[in-house]
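Atoms within a ligand are numbered from 1 in the order they appear, just like the ligands themselves.
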Amino acid sequence: MTPDGGHTPVMLDEVLGHLGPRDGAIYIDATFGAGGYTRGILDAAACTVWAIDRDPDAVSGGQALASAYGGRLTVLAGRFGEMDGLLASHGIERADGVVLDLGVSSMQLDVPARGFSFRFDGPLDMRMEQEGPCAADIVNTASEHDLSTIIRRFGEERHARRVARAIVRARAEAPIETTGALAEIVRAAIPRGRPDRNRPDRNRIDPATRTFQALRIATNDELDEIDRGLAAAEALLAPGGILVVVSFHSLEDKRVKDFLKTRSGGAPRPSRYLPAGDAGAAAPTFDLLTRRPDRPGEDEVARNPRARSARLRAGRRTKAPTWTHAAMAAGGGA
Ligand SMILES: C[S@@+](CC[C@H](N)C(=O)[O-])C[C@H]1O[C@@H](n2cnc3c(N)ncnc32)[C@H](O)[C@@H]1O
């Protein structure tokens, strides 16, 4: 958090280092948030930024910044999974860089009414877009089996079945409507293990953390959105254009790592993909710029503890055609 309650950008120097903003270039900040990356890019060169956020509060908050940069910045509402189409509708078909800073912003986490955090009591909402089904809808209507799957898969919670059972038992008494009520149910359901001397981090984690992460990911379809966002970036980037992605937990990072590995020729191509217009060998669409993820320095983590789990991966777009679904390449749709 910044002193004014905003969001402190994570690994900004490293992001700018990979991106290397140039005069006259076009960059996409696909997760605008409080505009920390956007500001850094615009201040580094006489370039243009198209920023996107699916949260209407972030988009309205960005309009003052757009005015301040007089025509060099446009902030659009939308999902990064659809950024190629969204930008095409504004006449932008090519970009020199795309940055993605995954997950939620401090503004989203720290406003109790948004319902993202168990640290405050608030409605069990968690919707970035502020419309559509919310976390309470999932918690109060999903089957015990589906809840358990969500909590295990998206929260990596080994007590997922216990937690799901406790939720179903509690909601039979009364619907679970608040973050506080859910956090209490989860804490009571998880057995207190012995402190692990080798994993002091684990001992400090609130037992509700993993279930809240799972519900947030499910509510916003976050992991599939990452896959769509990476493919959209591949379609938008000009040859030589740079993709930079900062992620905050292993599930996010795995999607990014697998995408860059596959697209840079380091892993077998999934059979359902073909290069657009060519059923032959798929040429790599990215050169890897980070064999291992970049991590924040100790200074940054001391200044901003939220940076602790950040991992940055980057790639440079080659000239090869965008990979696409075989069915779509054949004109059949997915
Ligand atoms: C970690 S914050 C970004 C912070 C930003 N880099 C800064 O310096 O202020 C992530 C932002 O991405 C947005 N977001 C998450 N998933 C998105 C998606 N699929 N499409 C568009 N925006 C998304 C969230 O609403 C949030 O505002």
- Enumerated ligand 1 atoms positioned under 4.0 Å from heavy atoms of Asp55: 25 (O)
- Task: Would you name the heavy atoms of Pro207 and Arg187 that are closest together and state the gap between them?
- Result: CG-CG, 4.2 Å
- Using a 4.0 Å heavy-atom cut-off, say whether Arg54 meets ligand 1 through its side chain, its backbone, both or neither. both
- List every atom of ligand 1 that sits less than 4.0 Å from any heavy atom of Arg79, numbering the atoms from 1 in the order shown and giving each element. 20 (N), 21 (C)
- Message: Quick check: Glu225 and ligand 1, any N/O pair under 3.5 Å apart?
- Response: yes
- Query: Taking the side chain from Asp23 and the backbone from Ala46, do they hold a donor-acceptor pair closer than 3.5 Å?
  - Reply: yes
- Can you tell which of Ile26, Ile41, Asp96 makes a side-chain contact (heavy atoms from CB on, under 4.5 Å) with Cys47? Ile41
- Would you say Glu177's side chain and Pro123's backbone share a donor-acceptor pair under 3.5 angstrom? no
- Return yes or no for this condition: an N or O of Met128 is under 3.5 Å from an N or O of ligand 1. no
- Any nitrogen or oxygen of Ala34, main chain or side chain, under 3.5 Å from a nitrogen or oxygen of ligand 1? yes
- Message: Consider side-chain contact (heavy atoms from CB on, under 4.5 Å). Of Ile28, Ile242, Val15, which one does Val99 pass it with?
- Response: Val15
- Message: Does Arg306 qualify as a cation-pi partner of Phe248, given the criterion of NZ or CZ under 6.0 Å from the six-membered ring centre and within 45 degrees of its axis?
- Response: yes
- Per-atom contacts, ligand 1 versus Pro9 - under 4.0 Å to a heavy atom: 8 (O)
- Task: For ligand 1, indicate whether the residue Leu102 contacts it via side chain, backbone, both or neither (heavy-atom separation under 4.0 Å).
- Result: backbone
- Message: Measuring from atom CG of Leu243 to atom CG of Leu230, what distance do you get when rounded to the nearest 0.5 angstrom?
- Response: 6.0 Å
- Message: Would Asp101 count as a polar contact of ligand 1, with the cut-off being nitrogen or oxygen pairs under 3.5 Å?
- Response: yes
- Query: To which protein heavy atom is atom 20 (N) of ligand 1 closest, and what is the distance rounded to 0.1 Å?
  - Reply: Phe80 N, 2.8 Å
- Min N/O separation Asp53 to ligand 1 under 3.5 Å: yes
- atom 1 (C) of ligand 1: which protein heavy atom is closest, and how many Å away? Val104 O, 3.4 Å
- Message: Aromatic contact between Tyr27 and Tyr37, with the criterion being ring centroids under 6.0 Å apart: yes or no?
- Response: no
- Task: Could you check atom 7 (C) of ligand 1 against the protein and tell me its nearest heavy-atom contact, residue, atom and distance included?
- Result: Gly36 N, 3.3 Å
- Query: Looking only at side chains, do Asp57 and Gln108 share a donor and an acceptor under 3.5 Å apart?
  - Reply: no
- Item | Side chain, backbone, both or neither: Thr38 near ligand 1, heavy atoms under 4.0 Å | neither
- Query: Which ligand 1 atoms does Gly78 reach within 4.0 Å, using its non-hydrogen atoms?
  - Reply: 20 (N), 21 (C)
- Could you tell me whether ligand 1 has any atom less than 4.0 Å away from a heavy atom of Phe32? yes
- Are Asp29 and Thr38 close enough that a side-chain donor and a side-chain acceptor fall under 3.5 Å? yes
- Item | Protein heavy-atom partner closest to atom 12 (O) of ligand 1 - residue, atom, separation in Å | Thr31 CB, 3.2 Å
- Message: Out of all atoms in ligand 1, which are within 4.0 Å of some heavy atom of Ala30? Include the element for each.
- Response: 21 (C), 22 (N)
- Query: Just checking, is any N or O donor in the side chain of Thr322 or Arg317 under 3.5 Å from an acceptor N or O on the other one?
  - Reply: yes
- Message: With a heavy-atom distance limit of 4.0 Å, tell me whether Gln108 approaches ligand 1 through its side chain, its backbone, both, or neither.
- Response: side chain
- Reported CE-to-CG distance for the pair Met128 and Asp53, which is rounded to 0.5 angstrom: 8.5 Å
- Query: Does an N or O from Gly35, backbone or side chain, lie closer than 3.5 Å to an N or O of ligand 1?
  - Reply: yes
